[in-house]
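No experiment lies behind these values; they were computed from the predicted model shown. Each chain gets a letter, A, B and so on, in the order the sequences are listed, and its residues count up from 1.
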Protein chains: 2
Amino acid sequence: MTYSEENYIKVIYHLSLVSPKGINTNAIAGMIESKASSVTDMLKKLADKELVNYQKYQGVTLTQKGLHAAKMIVRKHRLWEVFLVEKLDFTWDEVHDLAEELEHIKSEKLINRLDEYLGFPKEDPHGDPIPDRYGQLVKVDKQLLSEILPSKKVICLGVKDSSPSFLKYLDKHQIALGSEIEVVNKESFDHSLSILINNRQILISNKIASNLYVKLI
Amino acid sequence: MTYSEENYIKVIYHLSLVSPKGINTNAIAGMIESKASSVTDMLKKLADKELVNYQKYQGVTLTQKGLHAAKMIVRKHRLWEVFLVEKLDFTWDEVHDLAEELEHIKSEKLINRLDEYLGFPKEDPHGDPIPDRYGQLVKVDKQLLSEILPSKKVICLGVKDSSPSFLKYLDKHQIALGSEIEVVNKESFDHSLSILINNRQILISNKIASNLYVKLI
DNA sequence: AATAATTTTTAGTTTTGTCTAAATTTATTT
DNA sequence: AAATAAATTTAGACAAAACTAAAAATTATT
Ligand SMILES: [Mn+2]
Ligand SMILES: [Mn+2]
Ligand SMILES: [Mn+2]
Ligand SMILES: [Mn+2]
């Protein structure tokens, strides 16, 4: 598999988690920052290699083989992110782009050794699950903070958006994975939230709240 | 710089160390396992980017810019090799091919953090020097074992050939970096050597001896 | 100095992955 | 059910990096 093929497979995988039916050409083009015609070309190639099920105009799904390949790329991406944060002291907003490169290094042995070296982590620095060497992953039950009712207490488990700007916002407000948050009030007009975190009460917008994964304590 | 351009620059650098005059098209083609015509095409491109000095039929040399780029690639290659051996328990015969991939990961910050994490090593697992972040490298005075006179004692510093087959040969005969070797006898007919290592006397061919770097104790 | 051998370059293709523009299919409105 | 809009595919082109075969330049040999 080429670098480019791997990126397509990974994007189709991520889109499949959100909408389990056939994935649109345009959705893929959007994620990969290319044009629909380029996507069509690639889908034919991936179908030839039996990595995707593709029929003209009908969208695309991963085959078993494609799904496994995708999980292995995600595994590599997330293990490298853990390495960068845990061992090389990178911050959680710095690692994604680097992992985009590192995820294409082709060696099962390397990634399994890295996994072992890191102590077989189950989650990456953004709270996303890391598939094991067989593609198995632990699905933790999480909700978006925006869905939590007032007076409930939650613990922060992960982020939906892992862009540097969002992560830096969280750092600034001292919201980290593991933080305890109490929803004090929900504003019905704009769906903003008053939350209690680290004994301080702060106001966050709905956009923030709908990008934070939490679970009830 | 593309993956391929980086490989060419690195090969020209390695060839320059052996013969400091202009590097031949064919020599490059041999190292990179491509054809002379492909090399000519690439040399034009590298000259456009001011990474090499190139004039038709006159061979090629690295510019200052090209030399620095080459050293940074070699730095990355060798630091990754150290990482794989020191942290992930790879053997010295397993790491070269992996480092060929890892050396293309583009991040100064990553490589400088890795350098720090590894304790700023001066040499890679094969005894080759690691350029620092400015391209500076410590040149250790070493000779080939084949040039050592009988009855002299040396310490093993590195390998010239770092192919898995040669490295495995050394492992099998318990010759490692740091090993003490005494040259007992040199056979004038085939230039093979009798050496004393780990209190055992063994016979090694000239080919082996001329791929082992040593220094007199 | 002329010829032969070797090396290097040029010319013309190929493959991969991308693009634009046009054509086709599917979905949405009127 | 047409007509219109949107999504998707096809056709044709291009750049990167490789190739083969032929031409040109350099080097070695007679
Ligand atoms: Mn990431
Ligand atoms: Mn992540
Ligand atoms: Mn190496
Ligand atoms: Mn090495």
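Using a cutoff of 4.0 Å between basic side-chain nitrogens and carboxylate oxygens, B/Glu6 and B/Lys106 are scored as salt-bridged. Using a cut-off of 4.0 Å between Lys/Arg side-chain N and Asp/Glu carboxylate O, B/Lys207 and B/Asp161 are scored as not salt-bridged.
Distance, B/Glu5 CD to D/dA15 C1': 12 Å, rounded to whole Å. Rounded to a whole Å, the CG atom of A/Asp41 is 9 Å from the P atom of D/dT10. Look at CD on B/Gln55: it is 11 Å from P on C/dT9, rounded to the nearest Å. The NZ atom of A/Lys44 sits 8 Å away from the P atom of D/dT9 (whole-angstrom rounding). Rounded to whole angstrom, the span from the CE atom of B/Met42 across to the C1' atom of D/dA15 amounts to 13 Å.
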Identify the pairs formed between an N or O of the protein and an N or O of nucleotides 24-28 of chain D at a distance under 3.5 Å, and give each distance.
residue	atom	partner	partner atom	Å
D/dA25	O4'	B/Tyr57	OH	3.2

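At a non-hydrogen distance threshold of 4.0 Å, B/Asn24, B/Thr25, B/Asn26, B/Ala36, B/Ser37, B/Thr40 from residues 10-40 of chain B come into contact with DNA chain C.
Here A/Asp41 pairs with nothing under the side chain to side chain contact (heavy atoms under 4.5 Å, CB included) rule; sequence neighbours left out. In this structure A/Lys56 satisfies the side-chain hydrogen bond (donor to acceptor under 3.5 Å, both in side chains) test with no other residue, sequence neighbours excluded. Remark: A/Ser194 pairs with no residue by the side-chain hydrogen bond (donor to acceptor under 3.5 Å, both in side chains) rule, at least two apart or across chains. Taking the side chain to side chain contact (heavy atoms under 4.5 Å, CB included) definition, one finds that B/Lys87 meets it with A/Tyr117, B/Phe83, B/Tyr117, B/Leu118, sequence neighbours left out.
When the nucleotides C/dT9, D/dT10, C/dT16 are ranked by their closest atom to the side chain of A/Thr2, C/dT16 comes out on top.
A close approach under 4.0 Å does not occur between any side-chain nitrogen or oxygen of B/Ser4 and OP1 or OP2 of D/dA16. Phosphate contact (OP1/OP2 of C/dT18, side-chain N/O of A/Tyr8, threshold under 4.0 Å): present.
With hydrogens and angles disregarded, a donor-acceptor distance shorter than 3.5 Å links the side chain of B/Lys186 to the backbone of B/Ile148. In this structure a side-chain-to-backbone donor-acceptor pair under 3.5 Å is missing from A/Lys49 to A/Met1.
No contact: A/Tyr3 has no heavy atom under 4.0 Å from any strand.
Checked options B/Arg78, B/Lys10, B/Lys76; the residue passing with B/Glu100 is B/Lys10 (criterion: salt bridge (Lys or Arg N to Asp or Glu O under 4.0 Å)).
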